[in-house]
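We name chains A, B, ... by the order of the sequence lines, and we start the count at 1 in each one. Just so it is clear, the structure is predicted and the values come from calculations on it, not from any experiment.
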Amino acid sequence: MTKTPLQFRHNGRDVAVFVDGGVNLLVALRELIGDMTPKFGCGQGGCGACSVLIDGELHLSCLTLAETANGRAVETLDGMKDGPNLHPLQRAFMEQFAAQCGYCTPGMLMAAKALLDRNPSPTRAEVIEAISGNICRCTGYEPIINAVLAAATSGRARA
Amino acid sequence: MLELRKDIFADERDDNLKEIGKGTQRQDMLGHVTGTSTYFDDHKLQGMQHLKVLRSPYAHARLRRIDTMEAERSPGVRRIIRGADVPRNLNTLLSLINFGKDDEPSLAVDKVRYKGEPVVAVVAESPREAYEAMAKVRVDYDPLPAVFDVEEALKPGAPVVNETYPKNTFTYHDVYDHQKLRFGDVERGFAEADHVLEQRYQMSPIEHAPTETNGSIAAPDTNGRYVVYTSTQALFFSLDTCAKILDVPSNTFHFIGGTVGGGFGGKVDTLTEPLAILGAMLTGRPVRYQLGREEEMQFGSPRGAERIYIKDGVMRDGRIVARKIHAYFDSGAYTRLSSYAVVKCVAHLPGPYTIPNVHGDVYCVFTNRTPATAMRGFGVTAMDFALECQMDKLAHLVGTDPMEFRILNAYRDGDMKAHQREAKNTALIECVQVAAEKAKWPLREEVKRMSSRKDGGGSRATISPTPIEPVPQRAAVSQQRTTYDRAAPATTQQPPPPTPAPPPPTRPPAPSPSHGATRFSSVFGTRRR
Ligand code: FES
Ligand code: FES
């Protein structure tokens with residue numbers, strides 16, 4: 001099968017791989033780059049477990065043709081920490097018990113980060129809207145919403 | 001005696017286990033928020049192959065011919081696996097505790113019994129090549145009439161779903177087609193009652209839908225063993241099930257798991273491990289078998305649907321005097337764990353209430369649906385839903401407050417339960433009182449003063465005369481005996497006698513390996529009582 005060269009920024013570092021035609025970004029990240037933080041939950045855009053940021057915007061990597069990431073900046077949960085320091089969202093998720101099995105967590109955190117990067121003090125409704133594409137079967141959404149609100153710079157929702 | 005943990009490492013851990021009321025961090029939380037928790041699919045192994053399964057498009061059909069010639073020549077294909085390649089292609093999960101007969105193949109041989117049943121497995125270099133080869137497998141089916149309704153399945157002349165159980169019901173103690181509870185005389189109770197209320201409740205199957213689908217990766221180790229990374233919820237149960245199906249000692253496997261991306265009961269069935277390991281055995285390569293979301297829905301077992309009939313006799317003063325229950329658990333095409341759900345359900349009847357006449361009949365029924373399995377309180381949850389709906393309706397019928405109605409009928413210490421055991425440490429009355437208080441639900445003063453510790457026993461502890469019913473004759477040869485009719489635990493040391501060949505197996509089943517049965521009952525057997 002002919003392979004296509006693909007080069008992009010992955011969490012701030014340049015990477016290059018060869019992909020088969022039709023391969024999606026989730027497979028490229030997990031199997032070719034070795035970044036296991038985006039998860040496979042459905043492969044059909046239904047669960048959000050595979051969420052990543054492309055040029056700062058939230059995308060479902062399972063529905064993104066790998067080749068379309070060429071020359072762009074891809075961010076995953078693997079790049080969220082600052083050295084040994086957790087991102088405020090990661091700390092808030094820990095403190096608010098916003099994960100049980102943890103399988104939805106990478107996608108949730110990326111969706112939450114996409115929100116806070118563009119809107120540092122969201123309302124509760126905006127948080128709900130921001131994670132509406134991410135399914136969690138264990139935790140329940142309340143602790144997750146609370147964690148995102150706690151992490152927001154204002155620390156609490158504007159009414 | 002020296003206790004290492006307490007004596008030598010005393011300063012490393014105090015024995016203060018008072019955790020209630022304070023938040024304690026999960027030990028896996030840091031891994032979860034940094035994405036470093038390792039799920040089965042996060043292992044990337046050199047030379048890993050991918051296994052995909054061709055599934056039945058029919059709910060019930062005879063398999064006439066499977067032609068894999070063209071698929072075998074498809075690019076990237078390493079191996080096609082058929083039923084005949086599975087060493088012991090017939091199993092039932094609870095055979096590890098000698099409960100039930102082997103009734104489910106890993107890959108269908110003669111018949112398919114539900115839509116989504118595995119027929120042929122393809123191992124290839126990439127998932128895409130596996131799919132391409134799968135499209136080239138030709139299977140000829142003769143569709144058969146199917147049955148999807150539990151009561152239809154029990155009618156004479158209904159299609160036989162699973163030849164291991166020709167009456168479409170699981171067999172208890174070698175002879176009974178259902179589980180019974182008899183206590184007093186319900187018919188007399190109904191005759192004396194001021195009101196009789198009969199209702200029908202129908203549950204739906206529920207899919208666990210864990211965010212991580214079922215899957216596993218099996219890889220040959222350097223010492224003749226196999227390492228298996230798996231999403232299973234029941235590591236040793238899955239390990240022993242694989243040892244039985246693949247007919248090898250259980251120490252052939254090193255199972256690694258524990259980080260499960262959601263289970264809720266949907267990851268106890270050992271759905272993927274046997275074929276992944278067999279693939280690794282046949283190709284000498286690591287093999288990954290991960291369900292897609294559609295497969296998880298179609299092939300992954302749901303919570304079984306129950307149909308429940310409840311008939312109650314109640315007095316004007318609110319006492320329930322008779323309760324009769326008929327229930328049918330939809331097991332789907334194979335047993336998996338539904339037989340056990342029925343046992344749990346009957347042990348739960350008639351709910352936490354003191355009723356002098358109780359009659360229960362609960363059936364585990366086979367239909368051409370996806371086999372059902374465990375899910376959070378299975379066997380009890382649905383029955384409780386039906387019972388509590390019924391309690392509300394009865395309270396309404398006699399014009400009593402529904403909270404008071406429950407308190408009035410609740411078990412109290414010293415009462416006789418329908419299983420002929422004395423009720424002890426009961427607390428339903430107190431639970432309802434607290435619930436009412438929290439909900440600001442008014443209770444009369446005299447009801448607030450009622451207690452589980454007071455006014456139990458006495459006439460509430462009598463066992464009313466119970467009519468004797470004829471007992472069916474025990475079948476001549478006992479097949480696999482159940483733990484329930486075992487006389488002494490010592491018999492667990494003996495492997496059960498060989499099972500007579502059920503029609504038509506791929507090869508004659510060998511005696512159950514004792515390692516599986518003994519191990520499982522030693523791990524789980526006592527906890528089930
Ligand atoms: S795996 Fe991408 S949305 Fe579910
Ligand atoms: S924590 Fe399990 S899916 Fe969200």
Under 4.5 Å from any heavy atom of chain A, what part of [X] do you find: side chain, backbone, both or neither?
X: L30(B); answer: both
X: S231(B); answer: neither
X: T211(B); answer: both

Crowded around [X] [atom1]? As in, over 12 foreign heavy atoms under 6.0 Å?
X: Q27(B); atom1: CD; answer: no
X: E388(B); atom1: CD; answer: yes
X: K22(B); atom1: NZ; answer: yes
X: R72(A); atom1: CZ; answer: yes

Stepwise side chain to side chain contact (heavy atoms under 4.5 Å, CB included) test for H32(B) and Y103(A): CA-CA 8 Å; H32(B) 288 354; Y103(A) 203 78; over 6 Å; no
Side chain, backbone, both or neither of L89(A) within contact of chain B (heavy atoms, under 4.5 Å):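 No part of L89(A) comes within 4.5 Å of chain B.
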Chain B contact via M80(A) - side chain, backbone, both or neither, heavy atoms under 4.5 Å: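 Neither part.
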Working for side chain to side chain contact (heavy atoms under 4.5 Å, CB included), residues Q25(B) and M94(A): CA-CA 8 Å; Q25(B) 190 51 266; M94(A) 287 191 76; 4.0 Å; yes
From [X] atom [atom1] to [Y] atom [atom2], the distance as rounded to the nearest 0.5 Å:
X: E212(B); Y: R137(A); atom1: CD; atom2: CZ; value: 14.0 Å
X: Q100(A); Y: R26(B); atom1: CD; atom2: CZ; value: 6.0 Å
X: M29(B); Y: F97(A); atom1: CE; atom2: CZ; value: 6.5 Å
X: K44(B); Y: M36(A); atom1: NZ; atom2: CE; value: 6.0 Å

Between [options], which residue shows the highest count of heavy-atom pairs closer than 4.5 Å to chain B?
options: G102(A), C101(A), G34(A); value: C101(A)
options: C138(A), P38(A), G48(A), G22(A); value: C138(A)
options: E31(A), Q44(A), K81(A); value: E31(A)
options: I135(A), T76(A), T37(A), L77(A); value: L77(A)

Considering all heavy atoms, the nearest L86(A)-T34(B) contact: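 Answer, listing the atom of L86(A) first, then T34(B): CD2-CG2, 3.7 Å.
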Residue pair F40(A) / Q290(B): nearest heavy atoms and the distance that separates them: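 So the two residues come closest at CD2-NE2, 3.5 Å.
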D41(B)/R30(A) ion pair, N-O < 4.0 Å: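 Yes, D41(B) and R30(A) are salt-bridged.
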When G262(B), A209(B), G292(B) are compared by non-hydrogen pairs under 4.5 Å with chain A, the top option: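 Looking at each option in turn, the highest pair count goes to A209(B).
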Exam field: side chain R293(B) to backbone G43(A), donor-acceptor pair closer than 3.5 Å: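 Side chain of R293(B) to backbone of G43(A), a donor-acceptor pair under 3.5 Å: no, none is there.
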Pair K39(A)-D42(B), side chain to side chain contact (heavy atoms under 4.5 Å, CB included): steps then yes or no: CA-CA 9 Å; K39(A) 301 295 179 200; D42(B) 296 340; 2.7 Å; yes
